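Only one structure is covered here, and it is reproduced in the block below.
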Amino acid sequence: KSILKKMLRKFINPILFLPLALLITNPKALLSEQKNPIDEIIEETENRIFIDFKEIEAIISNNEELKSLKELENSSNFNLSSKISQKYPSIDLQAIGLPQYTAGKNYNSNSLTTKTSQFSANPSITIRWDLIDPLRGYEIKIAKDNYKIAQNNFEIKRRDLIKDARARYHSYQKSFQDIENKKIALDLSIKSLENAQSKLEAGIGTKFEILEAEAQLSRDKQSLNEKKIEHEINKISLKEILNIKGDFIINNEQKLMGFWKHKLNKNLITGLEKNLSLENLNLQKKIRNNQANTFLNAQKPTLYISNTFSSAFTKGEASTLSIDPGESASSYTNTIGLNLSWNIFDGGQNKNSYKASKAQEKSEVFSYNNLKNLLQANIRKAYLNLKLNEEKILSSVKEVSSTKESLRLARLRYDVGISTMKDVLVRQKELSDAKSNQINAIYNYNLNLDELERLTFLEMSKNCSDNKNNKIKDKESICNIPI
């Protein structure tokens, strides 16, 4: 009996402790029980609204910077109205005492003392109309151009904000895909560690392989946390530019936002024709020329007609021996005339100001040519980068497929003992990098589409077809990739 009890104790004890040992050594169990502090930091409890990519253009109107530029546009509009009003007559009303009362006494030893006690009112109204003003026409033209520049600045900033908001939207999507990629890499590392531990327990593995797998698992956990923080930062950035007060969610699925069917030559022509910054420089050139003409005409005469109606009303008497409080009097005069104002000599001030404005006008020409060259370079770069990222997407799809198969084969080789854990971890990292390359290629492709739309004022196409609107059947085309 004692021998039988000892045998049962040896057999039962390992059975009882086996689940506990598996729980301790299972990385998945450890990970599931441990609360990730990064997840606690980025948890949100607010009510969430859904933001679609197509809604960005409408939501961007809430941006504070855009509202500020809208007020500047309104200011330019009011200034234009102010300049136009100079073409109409002006009316000035002046009233000296409305009414006023004068009381006093005048004493002189050689004459009788006189008294004053009188109410009076002296209103006058003047109407002036500038018939010939050599500056007025140029000032109105300058105000019109400034108003147009303010409108263009608003539209430029609106388009820039839309482009920036879309870029942040893509970044937010990309960081989510990066998290998913790192989660897959983490699961693969856990599986590799489990395989290494199983082999060690079976007596056909080494402690070194476990250390390698644990090191890779630690790196993947850290990388996942970094991507989670990056995802939250991208969310804050998108929330700021859209001026959203509460929490929100988006469609995290990363896909191609469209296709670019326009040729490079059309991109260049349309981009330069419709660019508002180039238009603003042309307007600035016109403003400098009108300012120069303003200085040139400053010494020409101004011809205006004026009409002044003056009246006086009194009750009482002034400077008399005795005052009759009931005495009243009134009078009026009306003067109309054609007047001339002419600044004949100013010491050369206007002449030098004219030369300064002309020099600024020439400067705008150089600025225009410089910006034109810069825009052409940016359009070419964006177009070429788009084509480059198309190739990267195609190659990354093949790379992901190949590395998946390589990892599968490496695991099989490791399981039968003809490969090492190091080889498995290398193939595992290659798969993670391949997926990361694919995510980055799609992200950069979408950024290039947005940039080309911003630079050229052309629109991307939702359908991928050739110039004759026929569907492209080439499997190697960007139109037919499995994304």
Side-chain angles (χ1 to χ4, degrees), residues 13-39 174-231 254 392-443 482-483:
N13 286 344
I15 293 176
L16 293 175
F17 286 103
L18 180 60
L20 181 61
L22 290 174
L23 181 63
I24 294 173
T25 57
N26 191 343
K28 286 187 176 179
L30 290 174
L31 288 172
S32 62
E33 291 181 359
Q34 293 176 356
K35 183 68 175 178
N36 193 333
I38 298 299
D39 292 333
K174 172 184 173 296
S175 57
F176 178 83
Q177 296 300 323
D178 286 335
I179 290 174
E180 294 302 305
N181 184 30
K182 294 304 178 182
K183 285 181 178 179
I184 293 173
L186 186 63
D187 290 340
L188 291 174
S189 295
I190 293 173
K191 185 176 181 181
S192 297
L193 181 57
E194 290 174 345
N195 291 342
Q197 288 174 336
S198 297
K199 279 202 168 188
L200 181 63
E201 290 171 359
I204 56 175
T206 64
K207 183 66 176 177
F208 180 72
E209 289 181 336
I210 292 180
L211 293 176
E212 284 184 321
E214 287 178 342
Q216 184 62 45
L217 178 62
S218 178
R219 287 192 293 267
D220 288 336
K221 288 173 63 178
Q222 177 61 30
S223 182
L224 176 60
N225 288 336
E226 290 174 358
K227 293 301 179 182
K228 287 181 177 180
I229 291 296
E230 181 182 339
H231 185 60
Q254 191 185 37
K392 284 185 176 181
I393 291 173
L394 293 171
S395 63
S396 65
V397 171
K398 295 178 181 178
E399 185 183 4
V400 169
S401 177
S402 299
T403 51
K404 278 184 179 179
E405 182 64 15
S406 296
L407 177 59
R408 187 185 71 84
L409 295 176
R411 285 198 182 279
L412 290 175
R413 289 166 56 86
Y414 177 72
D415 290 341
V416 298
I418 59 175
S419 182
T420 62
M421 176 55 66
K422 184 69 173 179
D423 185 47
V424 173
L425 295 178
V426 168
R427 303 295 172 239
Q428 180 180 309
K429 187 177 185 305
E430 286 177 352
L431 176 59
S432 179
D433 291 343
K435 289 185 176 180
S436 180
N437 291 337
Q438 185 180 40
I439 293 169
N440 288 330
I442 296 174
Y443 167 71
I483 295 179

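Treat the numbers as computed from the prediction; the structure is a model and nothing was measured.
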Which value, rounded to the nearest 0.5 Å, describes the distance between Lys398 atom NZ and Thr403 atom OG1?
14.0 Å
Are the side chains of Gln438 and Val397 in contact, using a 4.5 Å heavy-atom criterion?
yes
Indicate whether the side chain of Ser192 and that of Gln428 have a donor and an acceptor atom separated by less than 3.5 Å.
yes
Test log, rule side chain to side chain contact (heavy atoms under 4.5 Å, CB included), inputs Leu409 and Glu405:
CA-CA 6 Å; Leu409 295 176; Glu405 182 64 15; 3.8 Å; yes
Would the distance check show the side chain of Gln254 and the main-chain N or O of Ile439 forming a donor-acceptor pair, the cut-off being under 3.5 Å?
yes
Could you measure the distance from the CG atom of Leu431 to the OG atom of Ser401? Nearest 0.5 Å is fine.
10.0 Å
Hey, does Ile179 have a side-chain heavy atom less than 4.5 Å from the side chain of Leu224?
yes
To the nearest 0.5 Å, atom CG of Leu193 lies from atom OG of Ser198 at 9.0 Å
Among Lys227, His231, Lys228, side-chain contact (heavy atoms from CB on, under 4.5 Å) partner for Ser175
His231
Check Leu188, Leu425, Ile190 against Leu217 for a side-chain contact (heavy atoms from CB on, under 4.5 Å) and give me the one that passes.
Ile190
Test item: Lys191 and Asp187 side chains (from C-beta on) under 4.5 Å apart, heavy atoms:
no
Start with the C-alpha gap between Lys422 and Glu212, add the side-chain angles, then the distance that decides, and say whether side chain to side chain contact (heavy atoms under 4.5 Å, CB included) holds.
CA-CA 7 Å; Lys422 184 69 173 179; Glu212 284 184 321; 3.4 Å; yes
Over all atoms of both residues, closest heavy-atom pair of Asp423 and Ala410
OD2-CB, 3.9 Å
Do Asp178 and Lys174 meet the salt-bridge criterion of a basic N to acidic O distance under 4.0 Å?
yes
Hey, does Leu186 have a side-chain heavy atom less than 4.5 Å from the side chain of Lys182?
no
Under a 3.5 Å threshold, yes or no: a donor from one side chain and an acceptor from the other, between Arg219 and Gln222?
no
Met421 vs Lys199, side chain to side chain contact (heavy atoms under 4.5 Å, CB included): CA-CA, chis, key distance, verdict:
CA-CA 11 Å; Met421 176 55 66; Lys199 279 202 168 188; over 6 Å; no
side-chain hydrogen bond (donor to acceptor under 3.5 Å, both in side chains) partners of Glu209, counting only residues at least two apart
Tyr414
Any donor-acceptor N/O pair, Ser395 side chain to Lys392 backbone, under 3.5 Å:
yes
For the backbone of Ser432 and the side chain of Ser436, can you confirm whether one donor and one acceptor N or O come within less than 3.5 Å of each other?
no
Judged by atom type as modelled, is there a donor-acceptor pair below 3.5 Å linking the side chain of Ser396 to the main-chain atoms of Ile393?
yes
Just how far is it from atom CD1 of Ile210 to atom CG of Asn195, taken to the nearest 0.5 Å?
11.0 Å
Modelled atom types, side-chain donor and acceptor of Gln177 and Asn181, under 3.5 Å
no
